[in-house]
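Everything below concerns the one structure shown next.
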Amino acid sequence: MTTGIKGFNDILPGEVERWQHIEATARRVFGLYGYAEIRVPILEKTELFCRSIGDTTDIVEKEMYSFVDKGENAVTMRPEGTASVMRAYIEHKLYAQDPVAKLYYMGPMFRYERPQKGRYRQFHQIGAEVTGVTDPKVDAQVLTMLCHFFAELGLTEPTLQINSLGCPECRPVYREALKSFLRERLDQLCDDCKRRYETNPLRALDCKSAHCKEATADAPAMLDHLCAGCDDHFAATRRHLERAGTPYSINNRMVRGLDYYTRTTFELVTGLLGAQSAVAAGGRYDGLIADLGGPAVPGIGFAMGVERVALLLGQQEFARRPDLFIAALGAEAQDEAFRLMCGLQRLGVSVEMDYEGKSLKSQMRRSDKFNSRFTLIIGSDEMANGRATLKAMDSGTQSDVLLDPAAIAGEVK
RNA sequence: GUGGCUAUGGUGAAGGGGUCUAACACACAUGACUGUGACUCAUGCAUCCGUGGGUUCAAAUCCCACUAGCCACCCCA
């Protein structure tokens with residue numbers, strides 16, 4: 001038997017309803033804030049991700065599904081959405097009409113990692129991006145919308161953490177300050193952090209090792225090294241969040257994995273997903289659009305992991321409930337049931353029936369299993385006098401109804 | 001790429017060398033109720049315990065390998 005690929009999952013009926021609910025909620029909430037959907041391809045030129053995410057990030061170095069296609073092009077199955085959306089924004093010159101674009105997307109992403117709880121090789125993200133606004137009101141609005149979305153789903157547990165990563169002005173200065181701090185206590189750090197000291201010293205700040213936590217307890221914080229512009233931006237973002245009534249906390253040790261982030265970064269974190277605490281995350285990327293060959297337009301956005309959101313929603317039921325089940329006895333009645341079913345469905349009534357000519361008892365059981373609201377019973381008597389028995393399943397009361405779709409629809413609606 | 005744990009039916013699982021042609025429960029099917037569900041009762045539903053090899057008179061039960069899944073590290077949504 002051929003099985004699916006490791007880390008690539010089927011989403012079966014029963015679970016897919018939860019996904020549809022998440023997606024529909026995103027469309028509704030994001031629409032409220034004026035975002036339009038954009039659909040971009042799953043495959044892009046490999047260079048797009050190297051340039052945007054960063055050549056030396058883990059994603060690009062070891063996690064991408066990259067291959068050479070039959071036209072000898074180096075292509076990659078997208079590991080995230082922002083790069084593609086910005087590529088489309090630039091390629092179609094959306095900025096020419098209006099540099100301000102508010103876009104959202106949803107779909108599968110691919111990363112070659114070892115699967116574990118809340119992490120899969122094909123996973124799904126719903127993301128949103130705003131271009132063309134530097135004002136921190138937009139930072140606050142993006143975060144407010146994200147929290148609004150979770151509130152609509154009834155999820156209050158994930159909490160918002162924010163940080164600022166500075167800009168190309170102040171970050172290098174901070175990076176050096178941190179390195180010189182770490183240099184003093186390299187011997188106290190774990191092997192991973194020793195390795196990261198050169199490549200990505202900021203990572204030491206959120207290392208899980210107790211020794212590293214202790215050693216970096218008094219490490220300099222990015223927030224204390226922001227330039228005037230970044231400092232003002234962060235302060236204003238906080239003020240606007242308070243104005244919007246969006247609760248948050250500051251996590252000055254938050255580190256993001258993609259190179260393009262500047263200034264505001266954030267995560268929606270939960271303690272309910274094992275090692276995967278981030279349900280949604282994002283940040284500002286003021287240099288990305290220019291880096292990709294577009295105009296000097298700022299941007300900010302986030303992505304959430306749909307699998308993780310679905311996990312948080314738990315086993316909540318989204319079962320459908322048919323309006324009517326038709327139980328028919330005998331070939332003639334079955335034919336009539338089929339005619340009625342087709343007519344009723346055209347009238348907007350959801351109908352189920354049995355196709356195997358089973359006993360009435362068996363059909364009643366099936367009707368009950370479907371949790372249908374009504375059952376229509378048709379046998380030879382009913383066929384003879386043109387009326388059938390309509391049973392309301394919740395109360396058990398029965399009535400007579402004409403064998404006519406419109407008449408039945410009137411009773412069932 | 002590294003480490004730990006697990007692997008019995010449609011599902012959750014019990015059983016840790018012979019009494020296992022594998023408990024129990026759910027689900028499913030049929031019937032008791034000859035045309036009425038949800039309750040009740042009865043009956044049926046794994047010749048077989050991830051795959052391959054080994055130990056043994058005897059293995060679902062012990063050993064080895066492989067494979068798969070899960071969780072964790074790295075990293076990330």
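Below, all heavy atoms of this structure are taken into account, side chains as well, without hydrogens, waters or symmetry copies.
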When you get a sec, tell me which of [options] is the closest nucleotide to the side chain of [X]?
X	options	result
A:K361	B:A72, B:U30, B:G37	B:G37
A:Q116	B:A32, B:A77, B:C71	B:C71
A:A281	B:G35, B:U30, B:A77	B:A77
A:S380	B:C75, B:C28, B:G35	B:G35
A:L360	B:C74, B:A38, B:U36	B:U36
A:R308	B:C75, B:G37, B:C76	B:C76
A:K358	B:G37, B:A29, B:C76	B:A29
A:R203	B:C76, B:A77, B:U30	B:C76
A:R114	B:A77, B:U36, B:A72	B:A72
A:S362	B:A38, B:A77, B:U30	B:U30

Could you tell me how far [M] sits from [N] if I compare only their [atom1] atoms? Round to whole Å.
N	M	atom1	answer
B:G18	B:G4	C1'	34 Å
B:A23	B:C45	P	10 Å
B:A7	B:C64	P	15 Å
B:A29	B:C76	P	50 Å
B:G17	B:U47	P	25 Å
B:C48	B:A59	P	15 Å
B:C26	B:A14	C1'	15 Å
B:C73	B:C62	C1'	32 Å

Write down the distance between [atom1] ([X]) and [atom2] ([N]), rounded to a whole number of angstrom.
X	N	atom1	atom2	result
A:L273	B:C70	CG	P	15 Å
A:M353	B:U36	CE	P	19 Å
A:L329	B:C33	CG	C1'	15 Å
A:Q276	B:C71	CD	P	9 Å
A:M364	B:A38	CE	C1'	10 Å
A:D259	B:C75	CG	C1'	14 Å
A:Y112	B:C74	OH	C1'	15 Å
A:D192	B:C75	CG	C1'	10 Å

Review point. Does A:R185 make a cation-pi contact with A:F181 (under 6.0 Å, within 45 degrees of the axis)?
Key: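 Flagged: A:R185 positioned over aromatic ring of A:F181.
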Point to revise | Lys/Arg cation over aromatic A:Y197: A:R183, 6.0 Å, 45° cone | key: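 Geometry flag: not set, cation outside 6.0 Å or 45°.
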With a 4.0 Å cut-off on heavy atoms, is [X] in touch with a base, just the backbone sugar-phosphate, or nothing at all?
X	result
A:E356	nothing
A:G274	sugar-phosphate
A:L268	nothing
A:G127	nothing
A:Y120	base
A:D368	base

Point to revise | Nearest non-hydrogen partners of A:L272 and A:K117, listed with the distance | key: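 Looking at all heavy atoms of both residues, the shortest contact is O-CE, 4.2 Å.
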Review point. So, A:T264 side chain and A:R284 main chain: donor-acceptor pair closer than 3.5 Å or not?
Key: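 No; judged by distance alone, with no hydrogens or angles, the pair does not exist.
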Check your understanding: Looking only at atom types and distance, does a side-chain atom of A:Q276 sit under 3.5 Å from a main-chain N or O of A:R308, one as donor and one as acceptor?
Key ->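 Not at all, since once roles are kept as given, no pair shorter than 3.5 Å links the two residues.
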Practice item. Could you say whether A:S395 or A:Y261 is positioned toward the 5' end of RNA chain B, judged by the nucleotide with the nearest heavy atom to each? Key: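 Upstream on the strand: A:S395.
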Review point. Which comes earlier along RNA chain B counting from the 5' end, the contact point of A:R121 or that of A:D381, where each point is its nearest nucleotide?
Key: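 Of the two residues, A:D381 wins.
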Exercise for review: Indicate, with yes or no, if the rings of A:Y65 and A:Y112 have centres closer together than 6.0 Å.
Suggested key: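 Distance test on ring centres: under 6.0 Å, yes.
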Exercise for review: Flag the pair A:Y104 / A:F30 as yes when their ring centroid distance falls below 6.0 Å, and as no otherwise.
Suggested key: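 Under 6.0 Å, so yes.
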We want to know whether [X] and [Y] form a side-chain donor-acceptor pair, criterion being a heavy-atom distance below 3.5 angstrom.
X	Y	result
A:R111	A:Y120	no
A:E129	A:Y285	yes
A:S372	A:R366	no

Check your understanding: Would you call A:R239 and A:E242 a salt bridge, taking side-chain N to carboxylate O under 4.0 Å as the test?
Key ->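 Answer for the salt bridge query: no.
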Point to revise | Dot-bracket line, read 5' to 3' along RNA chain B, where crossing pairs take [ ] and | marks a partner on another strand, Watson-Crick or G-U under 3.5 Å | key: ((((((((.[[[..)..(.....]]].(((((.......))))).....[[[[[..)....]]]]])))))))....
Go through the N and O atoms of the side chain of [X] and the base of [N], and report whether any donor-acceptor pair is under 3.5 Å.
X	N	result
A:R119	B:C75	yes
A:K369	B:G37	no
A:R196	B:C75	no
A:Q398	B:U36	yes

Review point. Would you say B:A72 has OP1 or OP2 under 4.0 Å from some side-chain N or O of A:K117?
Key: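 So the side chain of A:K117 is outside the cut-off, no N or O lying under 4.0 Å from OP1 or OP2 of B:A72.
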Point to revise | Phosphate-side-chain proximity, A:K6 and B:G69, N/O vs OP1/OP2 below 4.0 Å | key: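 Affirmative; the distance criterion is met.
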Check your understanding: For B:G52, does the O4'-C1'-N9-C4 (purine) or O4'-C1'-N1-C2 (pyrimidine) torsion place it in syn, i.e. within 90° of 0, or in anti?
Key ->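 Anti, which is what one calls it when the glycosidic angle falls more than 90° from 0.
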